[in-house]
Every structure is written in C-alpha cells, then in structure tokens.
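Proteins come first, then strands; the chains are lettered A, B, ... in the order of their sequence lines, and each starts at number 1. Since the structure is predicted, the reported quantities are computational estimates derived from the model, not experimental observations.
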Amino acid sequence: MKSRLKEIFPDFQEEGLIEEIAKHGIIKPFKKGEEFLRPGKFINSIPLVLEGIIKISKKDNFDNEVILYYLKKGETCAHNLHCCMVNEVSQINAEAETDVTLLFIPLEFLDKWSTEYVSWKRFVLKTFKNKFDQLLQVIDEIAFNNIDYRLINYLNEKQKIAKDNIIKTTHQDIAIDLNSSREVISRLLKKIEHQGKIKLGRGKIELINLM
DNA sequence: ACATTAATTGTGT
DNA sequence: ACACAATTAATGT
C-alpha cells in the first residue's frame with residue numbers, strides 16, 4: 001500500500017505522512033456512472049484518486065450540467081478541500097467517469113497534516129493553483145473569441161466620434177486599444193472588408209455597411 | 001518627375 | 001508572436 005501511494009503521489013515526501021495516509025485513508029471503489037457527491041451534502045472526507053477518472057460538475061438553476069473539470073490519478077478536488085476546511089456543504093456533483101478507486105481522507109486530518117507535513121501543504125496549494133490556472137486559461141479563451149465583436153464595437157464608437165464614415169487610424173493603434181496584436185487586427189479587418197462592410201486604406205477605414 | 005525614406009500593411013512559418 | 005516582404009504616403013532633389 002505504501003509503495004503504491006509513493007508511486008501515485010510522488011509529491012508526498014515524509015515517511016510519516018505516507019504512513020498516516022495508509023492508516024487512516026479509506027479505500028472505496030466506484031463503478032462507472034456512480035454519483036458520490038451531491039450539492040448540499042456535508043463533506044466529511046476528501047477523495048484522493050488512486051485509479052480512474054472522476055468528473056466534477058455543477059448543475060445550474062435550470063437543468064443543464066456544467067462540467068467544471070476532471071480529476072485523474074494522483075489528484076484531488078479543490079472544491080472539496082475548501083469545503084472541508086471551512087465546514088461548508090458541497091456545491092458540486094462528483095461522478096465516476098470510469099470505474100474508479102478513491103482513497104478518502106477523513107476531514108479531521110486536513111488541518112493537522114497541513115501543519116505537520118510540508119509536502120501535504122504543498123500538495124493542497126498545488127491543487128488550488130492548478131484549478132486557478134485552468135480558470136485563467138478559460139478567461140483567455142473567452143477574451144480571444146470576443147475580439148471580433150469588440151472590433152466591430154470599436155469601429156462603431158469611432159464612427160460616432162468622427163461624424164464621418166472614414167475613420168483615420170492605423171491597425172497598430174487599434175491593436176493597442178483592444179489589447180491585441182497588429183497582425184490579428186489586420187487579418188480581422190480584411191475579413192470584414194471581404195464581407196463588404198468596410199473599405200480599407202492606408203491609415204484609414206471607410207465604413208460601408210457595418211452592423 | 002524621380003529617388004529616397006519612413007510608416008503602414010500583408011504574409012508565411 | 002516574430003520576421004520579413006510588399007505597398008503606400010511623404011519628402012527631398
């Protein structure tokens with residue numbers, strides 16, 4: 001058991017930590033599709049994934065499910081950790097995506113280990129950081145996909161200010177205003193031009209049929 | 001009118 | 001994102 005833990009969680013350094021996990025952890029297998037965590041349920045332990053994939057999701061007020069993330073071997077759930085530490089009820093669903101083997105750590109050990117074992121504390125922080133990084137990535141993607149619309153809006157605003165249908169500006173200046181790069185703006189503008197909405201010239205953009 | 005140069009825009013990787 | 005090519009406007013001779 002201990003060697004298996006070391007293999008799956010190479011981050012755990014202290015021998016004592018490994019022993020405590022092996023001693024107090026409760027192994028539970030789940031079949032594919034089983035749901036083992038529901039919103040509103042009190043959480044008295046957190047699962048370390050030994051084998052398989054679990055899906056963490058959140059049901060919104062209507063009826064659709066938003067997948068937050070998947071956990072694989074060697075990981076644990078950031079939401080779960082947080083809920084345990086502040087004694088709140090779960091906001092999320094957890095479901096076995098494949099057959100899984102989980103090792104449940106009773107919540108009373110979390111605070112204790114955090115102060116006793118540096119590598120456990122690092123593991124917890126790393127779990128939070130990973131989820132945070134994922135969020136940042138999503139934000140980036142959303143921002144990127146919105147550049148089309150932001151560019152159109154930008155041109156409209158300029159038109160209002162200019163009273164004229166000819167905007168005098170360079171691609172570079174637009175890129176700076178929209179936190180983008182000049183090449184991206186150039187290519188987007190060209191697409192819009194091909195749609196007949198604008199006409200491009202050096203240092204100016206003539207609005208034909210915007211909106 | 002022509003050449004030179006700088007700024008702007010286009011394109012491939 | 002970067003590097004380079006191509007185009008255009010501006011300026012000097």
Output a table of donor-acceptor pairs, distance under 3.5 Å, between side-chain atoms of residues 157-164 of chain A and any protein atom two or more places apart or on a different chain; print 'none' if there are none.
residue : atom : partner : partner atom : Å
A:Q159  : NE2  : A:N165  : OD1          : 2.7
A:D164  : OD1  : A:I166  : N            : 3.3

Span of DNA chain B, from the first to the last nucleotide whose atoms fall under 4.0 Å of chain A heavy atoms: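 Taking any atom under 4.0 Å from a heavy atom of chain A, the span is B:dA7 to B:dG12.
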
Which residues share a ring-ring contact (aromatic ring centres under 6.0 Å, His included) with A:F132, sequence neighbours left out: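 Testing A:F132 for ring-ring contact (aromatic ring centres under 6.0 Å, His included), a comparison that skips the adjacent residues, returns none.
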
Pairs meeting criterion ring-ring contact (aromatic ring centres under 6.0 Å, His included) with involvement of residues 85-110 of chain A, two or more places apart: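 Sorted result for residues 85-110 of chain A: A:H24-A:F109, A:F109-A:W113.
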
Contact list for residues 162-186 of chain A, test ring-ring contact (aromatic ring centres under 6.0 Å, His included), sequence neighbours left out: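 Sorted pair list comes back empty.
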
Members of residues 198-207 of chain A that approach DNA chain B, where some heavy atom sits under 4.0 Å away: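 By residue number: A:G201, A:R202, A:G203.
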
Positions of residues 172-181 of chain A (non-hydrogen atom under 4.0 Å from DNA chain B), listed by number: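 Within residues 172-181 of chain A, no residue comes under 4.0 Å of DNA chain B.
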
Residues that A:W120 engages under side-chain hydrogen bond (donor to acceptor under 3.5 Å, both in side chains), provided they are two or more places apart: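 A:W120: no side-chain hydrogen bond (donor to acceptor under 3.5 Å, both in side chains) contacts found.
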
Residue list, side-chain hydrogen bond (donor to acceptor under 3.5 Å, both in side chains) with A:E35, at least two apart or on another chain: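 For A:E35 the side-chain hydrogen bond (donor to acceptor under 3.5 Å, both in side chains) partners, ignoring immediate neighbours, are A:R38, A:N93.
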
Shortest non-hydrogen contact between A:K58 and A:Q91, atoms and distance: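 That closest heavy-atom pairing would be NZ-O, 3.8 Å.
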
Solution key, residues 173-181 of chain A side-chain donor-acceptor pairs under 3.5 Å, sequence neighbours excluded:
residue : atom : partner : partner atom : Å
A:D173  : OD2  : A:T170  : OG1          : 3.3
A:D177  : OD2  : A:Y154  : OH           : 2.6

Qualifying residues under side-chain contact (heavy atoms from CB on, under 4.5 Å), relative to A:K199, sequence neighbours excluded: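 side-chain contact (heavy atoms from CB on, under 4.5 Å) list for A:K199, sorted by chain: A:E193, A:E206, A:I208.
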
Qualifying residues under side-chain contact (heavy atoms from CB on, under 4.5 Å), relative to A:A96, sequence neighbours excluded: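 A:A96 satisfies side-chain contact (heavy atoms from CB on, under 4.5 Å) with A:F30, A:V100 once adjacent residues are dropped.
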
